[in-house]
Amino acid sequence: MKVLRPATRAALRRLVVCGLTAVAFGCAALGVFGPLDQTLRDWRFRLTDRAPSHDTVFLEIDSASLAAIGTWPWPRQIYAQILDRLTALGAAEVVFDIDFSSASTEAGDAALEAALERAGGYAYLAAFQQIDADGRLTLNRPLPRFARFSDPVLVNVDGDGTGLLLSVPSSLPEQAIPSVARVLAPQSNAPGPSITIDFGIDLNAIKRLPVEDLLEGSDLPPDLFQNKQVVIGATAIELRDFFRVPRFGVVPGPLVQLAATETLKAGRSLNDLGVGPGAIVACLATLLFLTTRRQRPVWQVAIGAAVIGMLAELFAWLLLRDGRIVIDISVVHASLVALTLLSVMEDRAHLWRRSRRQRSRLRYLARHDTSTGAFNREAFLDTQRGGKADIVVLQLLRFDGVATCLGHHVAERVAGEVKVRLAKLARSKPARLNADSFALPWSGDLQPLLAFLDIPILADGHSVILGMALGVAAFDSQIPDAERLRRAEIALLKARQSGKDVVHFEASQSAEIEQRRSLDIALRQAVVRQEFLVLFQPQVDLKTGRLLGAEALVRWQNPTLGMVSPARFIPLAEETGLIVELGDWVMQQSCRQAAHWHPDLTISVNVSAVQFKLADVAGSVQRAVAISGLSPHRLVIEITESLFVDNAVTTVAALETLRAMGCTIALDDFGTGYSSLSYLARLPVDEIKIDQSFVRALPDLHHQAIVETIVLMAKRLGKVVVAEGVETDEQRAYLAGIGCDVAQGYLFGRPGDAAQMLAYQPGLTAA
């Protein structure tokens, strides 16, 4: 057996130590040690145990209180009675962690409004943000009639509610709504946008009282509410307002708000540094092991690891107790005692348990729409086997308007009622294909189906009437159900396009869809087969006639379809998302080619608005210039003003990043959009390209006025002006005369390969 040399053994030892440390760091970064860190945090919080201020009281809506009232939601007369009772008992301030954003009965709302007025402004009602199904952030505020006499307070928490809750937002700045903690502890310092809660404060010591005891007039201590701040909220399991927190496990949401309040009152808002300090200590421990000249006995290593681990724990506890700083040091323990495999096994076991819980949920989701309980597409097709009914696909025409005006929750309730009505009419569960479209089997006259939505739908106090369009595919035993459903959807599309209520499928309707599908397939294959090519059109200095650069133009040469116009395949690529891959390819090809040109020449590349929406354009450009070696100062990014319609803030940030890299930004097709003037003064744009539709019409007097106005305005804003579509010497002379800087068009050269473009000015073929 070959014996390793001492130097080899030392190198192997260093490799093993570094490997174990790297694994520990990797596991820490992936959150594998989360349970251990949480346990250690819990112990530190227990060791820094602090009593609350005793200035707050938690009035609980528990299961017993729900049973005593006998209904939920409670009539608002109950809340009015609670508020009056607390006011009479001397409560200083009262916070309702209850949703009062929608109307109840007039009598109930009037009673609560009167009680709020009697409270004299010392009662606060909950406001909270939530994300609807369309991904929009909505704010639920108390009804205006309540807001006259009470201020809103924010009851949101940080995170999505599935993980460990460590902090709450201190306010909602854009709406000027403070959190519960900021209202109940106004003199306390709450640094930053969030309040990191100190769970060393004993939440079990906060005074708690069921609402039932308050309403029944039970024997209450005379000073229980005197000059106290009262938070009213749910603790009943049925109401499902719970969060998982350190030390105390699962607690109700209102108690989280009280924990944040007590944190501010104690001046204990924490600063969470995460795993950073622990990683530094682990690195120092690794260096200590690596600098040891010889391998120590196991007992020495174990004692040293234990000492370092205990000192790290003591340090973490002292930081929490005296410095209000929280750190995670499980990575230290993992590096010292080599428990990585055990931690990984625990993590895998946790993932398995979570997977087991999710499987039962996925079995339902695989066949149903979670909001309405309707079938999904696959389940619907399964139910049609052996049936002999037509397939009808209907679309609710004003559904999007309901969601926008009344909120997603109202729209989903409307969808649920539509599903119920369809099920009654068809005597079969329908399928929800999209948010606003359903499919169902149908036999006979369609009139009852057309008329069923004329009856208003009541949802959350709103009366909603929806229009409807139908697509029908007749029963045919020779056609699979999936194909019949597709035909019904094609017929529905034709109904929407024609404005008709009902359209029955005809074979001619699918020709257009099939043509588009074929083009889509060919386009996807073209990306793989590299059927695209990049052509270049010269850009010329109008004063000197010198070649300045070129615009890159993508073309598609298909073996079957021939040369496909960009007007056909670019919109399709944007719709399917292929524009991202295609755009990356064009960017890299253009940069590679331009890198071989003379260093004075620039290359202009068009970037679609969809690319900014779906991908990291700045990252794509950075990769392209890095691979090609092209200087970013020679790259011009051409955009259109439609880019700024949906998300101007994010887009402007991306453009600023590109400009910081050295790229030039050009606004293409200027003058054709409705919002050009409103965007131009504040956009990070260096060049303006006059749309060729104005240039080609020259010397028409009306178009001259437009072009001259654009040039004058651009010059006043310090922008370079590029004219597209220059085809005659007369147009060239006119544009030069009014101060236009650069031109491109057939007069200087049609789009061609690099050699054809560079031929415009010999001697500039290479750097």
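If you're wondering where the values come from, they're calculated on a predicted model, not measured in any experiment. What's counted below: heavy atoms across the whole structure, side chains too, no hydrogens, waters or symmetry copies.
Looking only at atom types and distance, the side chain of Gln537 has no donor-acceptor partner in the side chain of Glu551 under 3.5 Å away. With hydrogens and angles left out, the side-chain atoms of Ser620 and Asp584 include a donor and acceptor closer than 3.5 Å.
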Query raised in the report: Do Leu172 and Asn156 pass the side-chain contact (heavy atoms from CB on, under 4.5 Å) test, and can you show the C-alpha distance, the side-chain angles, and the key distance before you say yes or no?
Result: CA-CA 9 Å; Leu172 190 61; Asn156 281 112; over 6 Å; no
Requested in this report: I would like to know whether Gln589 and Phe532 meet side-chain contact (heavy atoms from CB on, under 4.5 Å); could you show each step before the answer?
Outcome: CA-CA 11 Å; Gln589 292 295 319; Phe532 296 99; over 6 Å; no
Query - Derivation of the side-chain contact (heavy atoms from CB on, under 4.5 Å) call for Leu485 and Leu433 - result: CA-CA 10 Å; Leu485 178 58; Leu433 305 180; 4.2 Å; yes
Report task. Might you work through the side-chain hydrogen bond (donor to acceptor under 3.5 Å, both in side chains) test for Asp158 and Ser167, ending with a clear yes or no? Result -> CA-CA 6 Å; Asp158 289 333; Ser167 62; 2.6 Å; yes
Requested in this report: Carefully, step by step, assess Val617 and Thr657 under the rule side-chain contact (heavy atoms from CB on, under 4.5 Å).
Outcome: CA-CA 10 Å; Val617 173; Thr657 300; over 6 Å; no
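Residues Asn606 and Val586 form no side-chain contact, since every pair of their non-hydrogen atoms from C-beta on lies 4.5 Å or further apart. The shortest distance between side-chain heavy atoms of Val402 and Leu396 does not fall below 4.5 Å. Side-chain contact check for Val326 versus Leu166: every heavy-atom pair is 4.5 Å or farther apart. Residues Val636 and Gln539 fail the side-chain proximity criterion, which asks for heavy atoms closer than 4.5 Å. Side-chain contact check for Val720 versus Thr664: every heavy-atom pair is 4.5 Å or farther apart. Side-chain contact between Met661 and Leu658 is present, with heavy atoms from C-beta onward closer than 4.5 Å. The side-chain heavy atoms of Met587 and Val607, taken from C-beta on, include a pair separated by under 4.5 Å. In this structure the side chain of Ile570 never reaches within 4.5 angstrom of the side chain of Ser608, judged on heavy atoms.
Taking every heavy atom of both residues into account, Ala743 and Val726 meet most closely at CB-CG2, 3.8 Å. For Ser604 against Glu638, the heavy-atom pair with the smallest separation is CB-OE2, 3.2 Å. Residues Gln611 and Gly583 come closest through the heavy atom pair NE2-CA, 3.5 Å. Residues Ser590 and Ala552 approach most closely at OG-CB, 3.3 Å, considering heavy atoms. In terms of heavy atoms, Ala594 sits closest to Arg634 at O-NH2, 2.7 Å. Closest approach of Ala411 and Phe399 over heavy atoms only: O-CE1, 3.2 Å.
Distance alone, capped at 3.5 Å, places no donor-acceptor pair between the Arg555 side chain and the Leu535 backbone. Between the side chain of Glu581 and the main chain of Leu578, no donor-acceptor pair closer than 3.5 Å is present. Distance alone, capped at 3.5 Å, places no donor-acceptor pair between the Glu412 side chain and the His408 backbone. With hydrogens and angles disregarded, no donor-acceptor distance shorter than 3.5 Å links the side chain of Asn376 to the backbone of Asp369. Ser170 contributes a side-chain N or O that, together with a main-chain N or O of Pro193, makes up a donor-acceptor pair within less than 3.5 Å.
Rounded to the nearest 0.5 angstrom, Leu533 CG and Met563 CE are separated by 5.5 Å. A distance of 5.0 Å separates CG of Leu635 from SG of Cys591, quoted to the nearest 0.5 Å. Atom CZ of Phe670 and atom NZ of Lys719 lie 10.5 Å apart (nearest 0.5 Å). Distance check: Thr370 OG1 to Arg432 CZ gives 8.5 Å after rounding to the nearest 0.5 Å. Leu601 contributes atom CG, which lies 13.5 Å from atom NE2 of His596 (distance to the nearest 0.5 angstrom). Atoms CG and CD, on Leu139 and Gln129 in that order, are 5.5 Å from each other to the nearest 0.5 Å.
Considering Lys689, Lys715, Lys543, Arg546 as possible partners of Asp741, the one that fulfils the salt bridge (Lys or Arg N to Asp or Glu O under 4.0 Å) test is Lys715.
Residues forming a ring pair (Phe, Tyr, Trp, His ring centres under 6.0 Å) with His409 (at least two apart in sequence, or on another chain): none.
Under the 4.0 Å criterion applied to side-chain N and carboxylate O atoms, Arg486 and Glu483 are assigned as salt-bridge partners.
The aromatic rings of Trp556 and Phe569 sit perpendicular to each other, their planes meeting at more than 60°, with 30° as the lower class boundary.
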